[in-house]
Amino acid sequence: MRCPGSHHQVCSCLRIYNPTISLLCSSGSLAKREYMAPLEVKFHSLDFRNVLHWKCQPRAPNNLQYFVEYKVYGNKHWTACKRCQGIRKHQCDLSQETSDPRQWYYARVQAVSSKNPSPWVISSRFHPQWETTFSPPQIRLNVTEEGIVVQIRPPRSPLRGQKNTRISVTELQQLRFKIYLMQNGVEEQIHEMECQSQKVVIQAFEPTTTYCFQAITIMPLSGRPSRKSPSTCITTP
């Protein structure tokens, strides 16, 4: 057989399409992209510091770069997080992008190797107000004529106010605090405080005696407590 328009050229110019070969190539390419896809894409949140974490596949290449996007629940369009484009680490701080604690959010991650992108992997829906956990408050002690004054300082979020100072978590979420009074390693009293009141006075105390205090933060919506703060002690005169 000869090519059309020629009596001498052998018809090697014919291009034969084989759908089976095309399908195999496409499937192999897809499988290659699948094993690059990030694993366990989810938010971890402490004091409204909302950080997206993920893991890499065991067989994934070492030169992967990651791209992160986010959106508010209900929105159609994704927004790229500018700080997390082409990064190597397996996390992205989205605190600023998810700063409204009452909203629901999604995030997604894509891995890229030699310009070959993996499929996007989407996190579960994230609600900062319900899902963040809290650190214990800091404790400051002072002895006055009234008694032992226990002042607490609530945890601070990564968000900043008008004066560029970090915002207390109590401005974003109503919290309660529980204070434990201990003497000789034995728990003697428990005092509870609302977030509006950040001071309690312990009136009954013995002279020349050491008292130690610990505190926890409690989220009223769930009743979930923080871990206890380190023990802070004071000796009465």
Side-chain angles (χ1 to χ4, degrees), residues 42-53 83 89-103 126-237:
K42 56 186 176 182
F43 279 93
H44 295 264
S45 180
L46 176 66
D47 301 330
F48 294 111
R49 183 177 295 280
N50 307 325
V51 181
L52 188 72
H53 290 255
R83 299 185 308 279
K89 58 186 179 181
H90 298 159
Q91 64 181 53
C92 173
D93 190 336
L94 292 172
S95 302
Q96 301 299 324
E97 291 76 10
T98 56
S99 59
D100 186 344
R102 299 163 296 180
Q103 285 281 13
F126 171 67
H127 191 277
Q129 194 173 51
W130 280 99
E131 298 183 46
T132 196
T133 56
F134 294 100
S135 303
Q138 295 180 358
I139 298 176
R140 183 177 178 182
L141 304 175
N142 190 26
V143 178
T144 68
E145 294 180 355
E146 298 178 358
I148 301 175
V149 179
V150 184
Q151 293 179 300
I152 64 168
R153 182 182 180 184
R156 294 193 173 273
S157 77
L159 306 177
R160 295 188 177 273
Q162 295 181 348
K163 296 182 179 179
N164 201 34
T165 56
R166 290 174 60 191
I167 298 173
S168 169
V169 294
T170 55
E171 295 184 37
L172 302 170
Q173 173 70 56
Q174 183 179 3
L175 297 172
R176 292 186 293 112
F177 303 99
K178 187 177 287 188
I179 299 171
Y180 299 86
L181 167 60
M182 293 164 291
Q183 184 180 4
N184 298 324
V186 178
E187 186 178 294
E188 292 196 345
Q189 298 180 29
I190 299 176
H191 300 266
E192 290 201 23
M193 302 170 59
E194 299 295 331
C195 62
Q196 292 84 357
S197 173
Q198 298 180 11
K199 182 174 72 173
V200 64
V201 179
I202 311 298
Q203 295 180 329
F205 62 89
E206 299 292 331
T208 61
T209 303
T210 298
Y211 295 92
C212 295
F213 296 83
Q214 289 180 293
I216 61 172
T217 303
I218 301 173
M219 185 178 177
L221 286 174
S222 64
R224 187 170 60 235
S226 71
R227 69 181 189 279
K228 282 187 177 182
S229 67
S231 183
T232 303
C233 302
I234 194 170
T235 302
T236 58

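Computed from heavy atoms alone, side chains included, the values below leave out hydrogens, waters and symmetry copies.
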Non-hydrogen atoms of L172 and P101 that approach each other most closely: O-CG, 4.0 Å
From E192 atom CD to I179 atom CD1, the distance as rounded to the nearest 0.5 Å: 10.0 Å
Reported NZ-to-NZ distance for the pair K228 and K178, which is rounded to 0.5 angstrom: 9.5 Å
Exam field: side chain R224 to backbone T132, donor-acceptor pair closer than 3.5 Å: yes
Distance (rounded to the nearest 0.5 Å) between T98 OG1 and F48 CZ: 10.0 Å
Nearest heavy-atom neighbours spanning L94 and R83: CA-NH2, 4.3 Å
For the student: nearest non-hydrogen atoms of P137 and P155, plus distance: CA-CD, 4.4 Å
Spacing of CD belonging to Q129 relative to CG belonging to D100, to within rounding of 0.5 Å: 8.5 Å
Shortest non-hydrogen contact from M182 toward S231: CE-OG, 4.2 Å
Within 6.0 Å of CZ in R140, more than 12 heavy atoms from elsewhere: no
Minimum side-chain heavy-atom gap T210-C212 below 4.5 Å: yes
Any V150 side-chain heavy atom under 4.5 Å of L141 side chain: yes
Electrostatic pair D47:R49 at N-O distance under 4.0 angstrom: no
Any donor-acceptor pair under 3.5 Å from T133 side chain to S45 backbone: yes
P136 and R227, any side-chain heavy atoms less than 4.5 Å apart: yes
Side-chain (T208) to main-chain (P237) donor-acceptor, under 3.5 angstrom: no
Pairwise distance CE(M193) to CZ(F177) - rounded to 0.5 angstrom: 7.5 Å
Non-hydrogen side-chain atoms of E206 and T236 separated by less than 4.5 Å: no
Derivation of the side-chain contact (heavy atoms from CB on, under 4.5 Å) call for K42 and H44: CA-CA 7 Å; K42 56 186 176 182; H44 295 264; 3.9 Å; yes
Any donor-acceptor N/O pair, Q183 side chain to Y211 backbone, under 3.5 Å: no
Value rounded to 0.5 Å, distance of CD in Q214 from CD1 in I190: 11.0 Å
CA sep, side-chain torsions, deciding dist, call: L46, S135, side-chain contact (heavy atoms from CB on, under 4.5 Å): CA-CA 7 Å; L46 176 66; S135 303; 3.8 Å; yes
Parallel, tilted or perpendicular: rings of F43 and F126 (30°, 60°): parallel
Shortest non-hydrogen separation from S95 to L159 and the atoms involved: O-CD2, 3.8 Å
F213 vs V200, side-chain contact (heavy atoms from CB on, under 4.5 Å): CA-CA, chis, key distance, verdict: CA-CA 12 Å; F213 296 83; V200 64; over 6 Å; no
side-chain contact (heavy atoms from CB on, under 4.5 Å) assessment of I202 paired with H191: CA-CA 9 Å; I202 311 298; H191 300 266; 3.2 Å; yes
Polar side-chain atom of T235 near backbone of T209 as donor-acceptor pair, under 3.5 Å: no
Contact summary for Q174 and P220, nearest pair of heavy atoms: O-CD, 3.0 Å
